[in-house]
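Below: one structure, written as structure tokens.
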Amino acid sequence: MNPTGDARSVDPLAALAELLRGRRFVVLTGAGCSTESGIPDYRGPETRRRARNPIQGREFVRSDEVRRRYWARAVLGWARFSGAQPNPAHLALARLEREGRLLGLITQNVDGLHQAAGSRRVVELHGTLAEVTCLACGAVEARASLQERLLANNPGWLEVAHEIAPDGDAELPAAEIARFRVQPCLRCLGPLKPRVVFFGENVARPIVDEAFALLDGAEALLVVGSSLAVFSGYRFVLRASQRGIPIALVNLGPARGEELCAARVDGRAGAILPALADALAEPRHS
Ligand code: NAD
């Protein structure tokens, strides 16, 4: 009990369940939803200390050298990324949709783990790493197929690069990158780009509209594992606030706009979301 005698406010999970009970809600997910699957975030407790130099979309399109550096490292990243499995947070979100409580997901993630967990209505705001497109002709190729071509044309690359960058995330020496053989589009030999939104690029309007339409049919918004530092996600919190529907947050550590949240749990999504799904499945106590 707190001094006001309101038992609900002392247990953040109970307060969260109370807020969402009986409301059809939409969930906005970020990188924090996938850290428990072994995919690092950008601004979490572990990663905030590390310097980051994300690829800029304009540089990628303009520069052969930037693309070579990207693909030389991406071969390593994909080897780890493509083996990731959904964690209990993804599974709980799929369950909440099956049980008719969750209308759908808006995700900033590009890892496909929501769909792998069984979520059906998923708006991928920033695209997916599972496909690449040709910047010249627009042809689409599966990333897994490109990986085979990259490895066939750069024999031993995984082993060599792992020796240089054991955490799969360090900068590779320029001399190593210079000998990496980038693979072009199979149809027109144009340059390939992962089908994701890089920094400095905009989310395509139809995707934003689809996400707004999903949110506009909801009675609450739950944010999971996002610092909300990126505007393309934060705008949905602003929209929910303008519409006057309640907003809730499950995140480790601080997030932008948390003062707009009526309920907030500072904890691991993989622990909180299964508990939330259980709580919402229980009959309401009178
Ligand atoms: P972010 O890195 O800015 O924020 C992640 C937040 O999640 C942090 O506040 C962190 O403390 C929290 N967090 C970490 N582990 C958690 C856990 N187990 N449970 C609950 N919270 C946890 O992520 P963002 O807001 O999504 O913005 C990053 C951008 O980078 C996005 O645009 C996204 O497209 C991209 N990105 C995607 C992936 C992915 O697809 N998995 C990974 C990294 C970055």
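In each ligand, atom 1 is the first atom listed, and ligand 1 is the first ligand listed.
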Show every donor-acceptor pair shorter than 3.5 Å between a side-chain atom in residues 27-39 and any protein atom, with sequence neighbours excluded, or say none if there are none.
| from | atom 1 | to | atom 2 | distance (Å) |
| --- | --- | --- | --- | --- |
| Thr29 | OG1 | Thr107 | OG1 | 2.7 |
| Thr29 | OG1 | His114 | NE2 | 2.9 |
| Ser34 | OG | His90 | NE2 | 3.3 |
| Ser34 | OG | Asp111 | OD2 | 2.6 |
| Thr35 | OG1 | Gly32 | O | 3.3 |
| Glu36 | OE1 | Arg268 | NH1 | 2.4 |
| Glu36 | OE2 | Gly270 | N | 3.0 |
| Ser37 | OG | Gln85 | O | 2.7 |
| Ser37 | OG | Asn87 | N | 3.4 |
| Ser37 | OG | Asn87 | ND2 | 3.1 |

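- Close approach of ligand 1 to Ser34 is summarised as follows: ligand atoms under 4.0 Å from at least one heavy atom of the residue are 41 (N).
- Atom 11 (O) of ligand 1 has its nearest heavy-atom neighbour, among Leu252, Leu129, Asn251, in Leu252.
- When atom types are taken as modelled, the side chain of Arg101 and the backbone of Leu280 share a donor-acceptor pair closer than 3.5 angstrom.
- Near Gly30, meaning under 4.0 Å from one of its heavy atoms, ligand 1 places the atoms 26 (O).
- Residue Ala269 has at least one N or O atom closer than 3.5 Å to an N or O atom of ligand 1.
- For ligand 1, the atoms sitting less than 4.0 Å from at least one non-hydrogen atom of Arg268 are 19 (N), numbered in the order shown with element in parentheses.
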For a ring pair (Phe, Tyr, Trp, His ring centres under 6.0 Å) check, start with the C-alpha distance between Trp157 and Phe180, then their side-chain angles and the critical distance, and finish with the verdict.
CA-CA 8 Å; Trp157 184 255; Phe180 186 80; 4.9 Å; yes
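- Salt-bridge check for Arg21 with Glu18: passed, with a basic side-chain N closer than 4.0 Å to an acidic carboxylate O.
- Residue contacts with ligand 1: Gly253 is placed with no nitrogen or oxygen under 3.5 Å of a nitrogen or oxygen of the ligand (distance criterion only).
- In this structure, Phe198 and Phe60 have tilted ring planes: the angle between them lies in the 30° to 60° band.
- In the candidate list Ser226, Ser227, Gly233, Ser227 is nearest to atom 3 (O) of ligand 1, counting heavy atoms.
- Checking side-chain atoms of Arg195 against main-chain N and O of Thr133 turns up no donor-acceptor pair under 3.5 Å.
- Considering backbone and side-chain N/O atoms, Val110 comes within less than 3.5 Å of an N/O atom of ligand 1.
- Look at Gly267 and you'll find a heavy atom under 4.0 Å from some atom of ligand 1.
- A search for ring pair (Phe, Tyr, Trp, His ring centres under 6.0 Å) contacts involving Trp78 returns nothing, not counting sequence neighbours.
- Close contacts of ligand 1 with Gly225, meaning ligand atoms under 4.0 Å from a residue heavy atom, involve 5 (C), 6 (C), 7 (O), 21 (N).
- Residue-to-ligand polar distances place Ala31 within reach of ligand 1: an N/O pair is separated by less than 3.5 Å.
- The cluster map of Ile, Leu, Val, Met, Phe, Trp and Tyr, joined by side-chain heavy atoms under 4.5 Å apart, puts Val196 and Val203 in different clusters.
- Every atom of ligand 1 is numbered from 1 in the order shown, and the set under 4.0 Å from a heavy atom of Leu228 is 25 (O).
- Between the CG atom in Leu273 and the CG atom in Asp278 there is a gap of 11.0 Å [rounded to 0.5 Å].
- Proximity of a side-chain donor or acceptor of Glu124 to a complementary backbone N or O of Val122 within less than 3.5 Å is not detected.
- Proximity of Pro40 to ligand 1, defined as any heavy-atom pair under 4.0 Å, is confined to the backbone N, CA, C and O atoms.
- Contact annotation for Ile39 and ligand 1: only side-chain heavy atoms (C-beta onward) come within less than 4.0 Å of the ligand.
- With atom 32 (O) of ligand 1 as the reference point, the heavy atom nearest to it among His126, Glu36, Gln108 is part of His126.
- Using a 4.0 Å cut-off to heavy atoms of Gly32, the atoms of ligand 1 that qualify are 5 (C), 7 (O), 13 (N), 14 (C), 15 (N), 16 (C), 17 (C), 18 (N), 19 (N), 22 (C).
- With ligand atoms numbered from 1 in the order given, ligand 1 contributes 14 (C), 15 (N), 16 (C), 17 (C), 18 (N) to contacts under 4.0 Å with heavy atoms of Thr35.
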Given the rule in the salt bridge (Lys or Arg N to Asp or Glu O under 4.0 Å) test, do Glu59 and Arg69 qualify, once you have shown the distances and angles that lead to the verdict?
CA-CA 11 Å; Glu59 288 173 17; Arg69 182 153 32 94; 5.6 Å; no
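- For the pair Asp111 and ligand 1, the shortest N or O to N or O distance falls below 3.5 Å.
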